Amino acid sequence: MIEVIALAGFAISLMAFHRGRKTAARLAFEVAALKEAVARLESIRPVQPAAEAVAGEPAQADAVAAESAAAEPAVVRIPAEPEAVSEIERGDAIFGGAPPSQDTVEKASRGEPVTANIAATAAATVVAQPPKESLESRLGARWAVWVGGIALALGGIFMVKYSIDAGLLSPAVRLAMAAVFGLVLVGIGEIVRRRATPLVADAFQNAMIPGILTAAGAVTLFGVCFAAHGVYGFIGPVTAFVLLALISLATVGLSLLHGQALAGLGLLASLLTPALVSSESPSPWSLFGFLGIAWIATLLASRIRRWSVVPSMANIGLCLWALAYIASVSPVESLPVTLVMLLMVAGIGLLWPGYLVPPSAEPEPEAAATEQQPVAPSAWEKVMVPPFAAITITAGISLLLTAIALISPFTSYGGYPVSEFCALAAALAALGAFRNYAVYPALLSSVAAVAGLWSMMALSGVLTFIDPAIPGHIAVLAVPEKTAMLAGMALASAFIVLGALAQALHLRDHPPFATIWAAIMAVVPTALTGMSFLTVGDLTFDLPHGLFSVVAGIVLLGLAEWLSRRNVEPDDIRLPQAFLLAGSLALFVIALHALTDGVVTTILIAFLGAAYVAATRVRSWPALPWMMVGSAIVVLARIAWEPTIVGPSNLSTTPVFNALLAGYGIPALLLALSAFELRNWPGFRVRNLLQALASLFSLLTVAILVRHAMNGGVIDSAVPTLGEQSIYTLVAIGGSCIMMTLDRKSPSPVFRYGSMAIGVLSMLSILGAHLLGLNPYFSGELLGSIPFFDLLLIGYLLPGLGYAGLSWYARGKRPVPYVTALAVTGAVLAFAWATLSVRRFWQGESIANWKGFLQGETYTYSVVWLLLGVLLLALGSRFDAKSLRITSAVLVFVAVLKVFLIDMANLEGFLRALSFIGLGAVLISIGLFYQKILSGRNAPPADPMVDIAAEPGHTG
C-alpha cells in the first residue's frame, strides 16, 4: 500500500511539472511579445520633454501638460485562443504581424532587457497587480511538488527497507544503489533546471522541482556516507569526514542554482558532519578549520545571491559549535576558536555584506505624481534598522557569547585567554566602526568589552586552579592584576582609535552612526578604566591609571576640537561633541581620584567643571557649560559617600574653619561664579540649573557647619537637638528670602520655585520637629537658666518672626496661598512660644509634661492667648492681612473653649471669676472693634450736593 502511495505521488509530481512547463513557456512568449510591442510604440511616438518643447510659454506648457495627463497608454489586448493554436500563431494573433524573434524570446526568458529603455517605459506606463493565487495553482504547482519530493524520499527509504527485510541484496549493494539513486536525483534536478524558465522560478520559488530533486539526492548521498561509516563500518572516520564534507559543500555550491533552501540544507549537513563522525584523537584545528571552510562557502554563495537567512544561520551554527567545544573540552585550546571567529568578522566585513551598497540604501526612483508618496525613514531609523541586520546581529551575538565564554570559568583549567578575548572584542568593534550598517556589532562589542573585563577584574589575583604542568603543582593566578589592568587600557585605547575612525568615515554621510560611536567612545573607555582602577588599582595613589586617564581625556578633547573644525553641519556635530566632552570629563575625574585624595579631590573636581565653563570664552560649544553640572553631580556623590570629606578621624573640631568649609563652600562659590559667567549664554536651562545647584550647595554648607559646631565637631547620624534644628529652619528662611531677592534682580524659574520649595519644606519641618518631635514639653530637654534668652527664643520666637517677615516680603511676589501659609506658620510659632513661656514661668527650666499644671498656670494661659489674639487682630488690621485676622479669630475661639471647658472645671474662687470677666471684656472689645471696621466699610458715600447746601452763604 505504501509503495502505491509513493508511486502515485511521483506520478502526480511529473504531471504537475509537465503542465507547469507548458504554462511557463506560454507566459514567457507573451511577455517577450509585450516588450517588443512597447518598443514599437515608443519608436513611433517619441516623447519630447515639455520643458524643451514649450520653454518660456506658461500657458502652452499648461496645455501640453494637461494633454499629456489625459492621454492614456496603448492597451494591448490578448484574445483568448484555443489550445490548438501554436505559439507562433498566438504571436501573430496578438500583434497582427510577425511574431517576436527567437533572440527576443530567449532574452526575455533570461530576464534580460529586449531593447534600450523598454523596461523603464513599461514600468512607467503599465502597473501590473499580481493576481491572487488560486486553489488550483496551490494544488498543482506547489503542493504536488512538495508531496512528490516527500514521496521520492519515502520511496527510496521503503525500497531499501524492503531489500533489507527480504535479504535480497547485500549492504554494499544496497549502499551502492542508494548512492546511484542520489546521483540520479541530482542529475535529474539539473536537467529539469536547465529546461525550466525564469518565470516559473520567480512565481514558485519555494516549490521549485529542480531544487526538491537535488535536495532529495543530497540527503540520500549524505545518508549513504553516514551508513557506510556509522552502521556498517565500510569506511573509516577520515574518509567518511571527507565524503560528508564534500557532499555538504557541493550542496552549498548547487544552491547557487537551486535557491536558498538548498543552501540551508547544505549548511545543516556541514554542521552535522563533525558530530556524526567520531575520532579517537579529535583536533580542534580540524574541527574549526572545516567549519570555517563551510562558513566561507555559505557566505560566498550568499554574496552571489544576496541572501541573508542562510549566513545568519551559519553564524549561529558556528557560535554553537564554539560554545559546545569550550563547555565540553578541558583544557580549552582557544586559538582555533578565536581564529574562526575572526574569520567570521573578516568575512562579513569584506565579503558579505562587505563593500556592497545595500539595495535599500540606493536612491529609489521617483514615484508617479498620481501615487501617494511614502514617508521616508529618518536618518536614525536607517541606522537602527540597517539592511542585512540579521547577518550583523547574529555575528555580533556570536562573538559576544564566544568572547565571554573564553573568559569564563569554563576555561579556568587551561588559563584565561586574555589576549584572545581582547582580539575578539576589538575585531567586533572594528567591524562596527568600518561598516555603517554594523551598528549592532558596535554596540555588542561595547557590551562584550565591559562584561568581559568585569569578569576578568573580578577574577584577578584569585587562586583559581593548580597547573599540572608546573612542578610541585603550584597554584596559578586566574588573571594577574597587571594583565587585567593592561587589558583594560588596551581595549579602552582600541575603542578610542576606532571611534575616531568612525567619525572620520561616517560623520558627513551618516551623522547618527557617528553619534552612536561618539557615545561608545565616551562610555566604554570610562567604564573600562574605572573598573580597572577600582578593582586592581591603588585607591590612595595610582600613577598608571592616573596618567592613562589624563592622556585619554586629552585625546577626547582633541577629537572634540577636530569635530568643530570639520566642514559639516553644526547640528550634526552637536551630540558627538557633547559625548566626547562628557567622556573627557569622566576620564579627568578618574585621574583626579587616582592622583589625589580627600578634600583636594573634591575641590579639584569643582575647579575642573569651572574650567569647562571658562572655556566658553574661546569656544561656543553648547555642551561646555553642562560639564560644570556633571562636576557638581560628582561632588554631590562624594558628599553622599563621605559627608565629612576627609573622614571622621581627620576632621578638625574647630567650628567653621575646617575641611567642611572648603569641601562644601568652594564648590558652592564656583557654581555661583559659573552661573554668573553664563549670564549672557544663549542656553538658559544650564544657567538656571547652575543657579539651583549653587543655592543647594550654599544651604548644605551652612547646614553642615551648624551641625559640626552644635555637635562638638562630630558629624554623625544622631538626632539633632531643637537648637540645631532651629538653626536649620532659620537658614531655610534666609535662603528663601535670598532666592526671592535674586529672582527680583535676575528673574529665573529656579529662584522663583526654589524659594517656595524651601519655604514649604521648612514649614513641614516645623510641624514634624518644632511642634512634635523636638518640643521640650514632650522631649524633656532643659531650656536654660536665663529666662527669655533660652531655647524657646531660638526654637520658636525667632523662627516665628522670620516667617512673619518672609510673609510680609513675599506679598505681591508669590501666590496668595503660599504667603498665607507663611503668615499662619509664624502665628503658630508665636503661639507655641507664648504658651511654653507661660509654662516656663511657672515650672522653671524643665517644662516636661509629667509635671502637671498649676491653677495660676492654667489661668495665665487664658490671659496670654486672649492678648495674643488681640495682638494678631491689630496686626492683621494694620497690614490688611486677612490671614492674621483669621488666625486671631481661631486663637480667641480656642481661648473661649478653654475658659468654658477647662477653667470652669479646674479654677476656683477668684481666679474662675476673673477668667470669665476677662474673657467677656476681651470679646466685647473685639466685637466693638469689628463693628467700627465694618460700619466704616459699609457707610454710603457722601452726597456732594448736601455738602454744598450746608456751606455758609449758600442761597440755592
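If you're wondering where the values come from, they're calculated on a predicted model, not measured in any experiment. Residue numbers start at 1 and run along the sequence shown.
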Subject >> L399 vs L444 side-chain heavy atoms within contact, under 4.5 Å >> reply: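 Result no, sub-4.5 Å side-chain heavy-atom pair not found.
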Would the distance check show the side chain of [X] and the main-chain N or O of [Y] forming a donor-acceptor pair, the cut-off being under 3.5 Å?
X	Y	answer
N711	G713	no
S532	L528	no
S446	A442	yes
H708	A703	no
N650	V646	yes
T402	S398	yes
Q577	A560	yes

Is it true that the side chains of [X] and [Y] contain a donor and an acceptor less than 3.5 Å apart?
X	Y	result
S748	S746	no
S584	Y612	yes
T529	S549	no
R435	H506	no
Y818	S807	no
H770	T729	yes

Original post:
Using 4.0 Å as the upper bound for N to carboxylate O, is an ion pair formed by R814 and D743?
Top reply: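 R814 and D743: salt-bridged.
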Original post:
Do the charged groups of R638 and E642 touch, with an N to O distance under 4.0 Å?
Top reply: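 Salt bridge between R638 and E642, a charged N being under 4.0 Å from a carboxylate O: no.
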Shortest non-hydrogen contact from [X] toward [Y]:
X	Y	answer
L505	F434	CD1-CD2, 3.9 Å
I573	S564	CD1-CA, 3.9 Å
I554	F588	N-CZ, 3.7 Å
M740	A810	SD-CB, 3.8 Å
F697	Y664	CD2-O, 4.1 Å
G609	M628	C-SD, 3.2 Å

Answer yes or no: does atom [atom1] of [X] have more than 12 heavy-atom neighbours from other residues, nucleotides or ligands under 6.0 Å?
X	atom1	value
F607	CZ	no
R566	CZ	yes
K813	NZ	yes
E561	CD	yes

Subject >> Intermediate values then yes/no, side-chain contact (heavy atoms from CB on, under 4.5 Å), H545 and D538 >> reply: CA-CA 9 Å; H545 284 99; D538 186 356; over 6 Å; no
Original post:
Regarding R679 and the six-membered ring of F676, is the cationic atom NZ or CZ under 6.0 Å from the ring centre and inside 45° of its axis?
Top reply: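 Yes - R679 lies over the ring of F676, closer than 6.0 Å to its centre and within 45° of its axis.
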Subject >> Verdict with supporting geometry, S762 and Y803, side chain to side chain donor-acceptor pair (under 3.5 Å) >> reply: CA-CA 10 Å; S762 63; Y803 279 110; 2.8 Å; yes
Original post:
Does the pair V613 and M627 meet the rule for a side-chain contact (heavy atoms from CB on, under 4.5 Å), with working shown?
Top reply: CA-CA 8 Å; V613 174; M627 299 304 106; over 6 Å; no
Subject >> Single hit among L534, T601, D542, L539 for side chain to side chain contact (heavy atoms under 4.5 Å, CB included) with H593 >> reply: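 Per the side chain to side chain contact (heavy atoms under 4.5 Å, CB included) rule, the option paired with H593 is T601, out of L534, T601, D542, L539.
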**OP:** Apply side-chain contact (heavy atoms from CB on, under 4.5 Å) to S765 and Y728, showing your working.
**Re:** CA-CA 10 Å; S765 72; Y728 297 149; over 6 Å; no
**OP:** Could you grab the distance from atom CH2 of W454 to atom CD1 of I404, nearest 0.5 Å is fine?
**Re:**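 Separation between the atoms: 10.0 Å.
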**OP:** Give the intermediate values and the outcome of side-chain contact (heavy atoms from CB on, under 4.5 Å) for residues W517 and L498.
**Re:** CA-CA 9 Å; W517 257 105; L498 292 174; 4.1 Å; yes
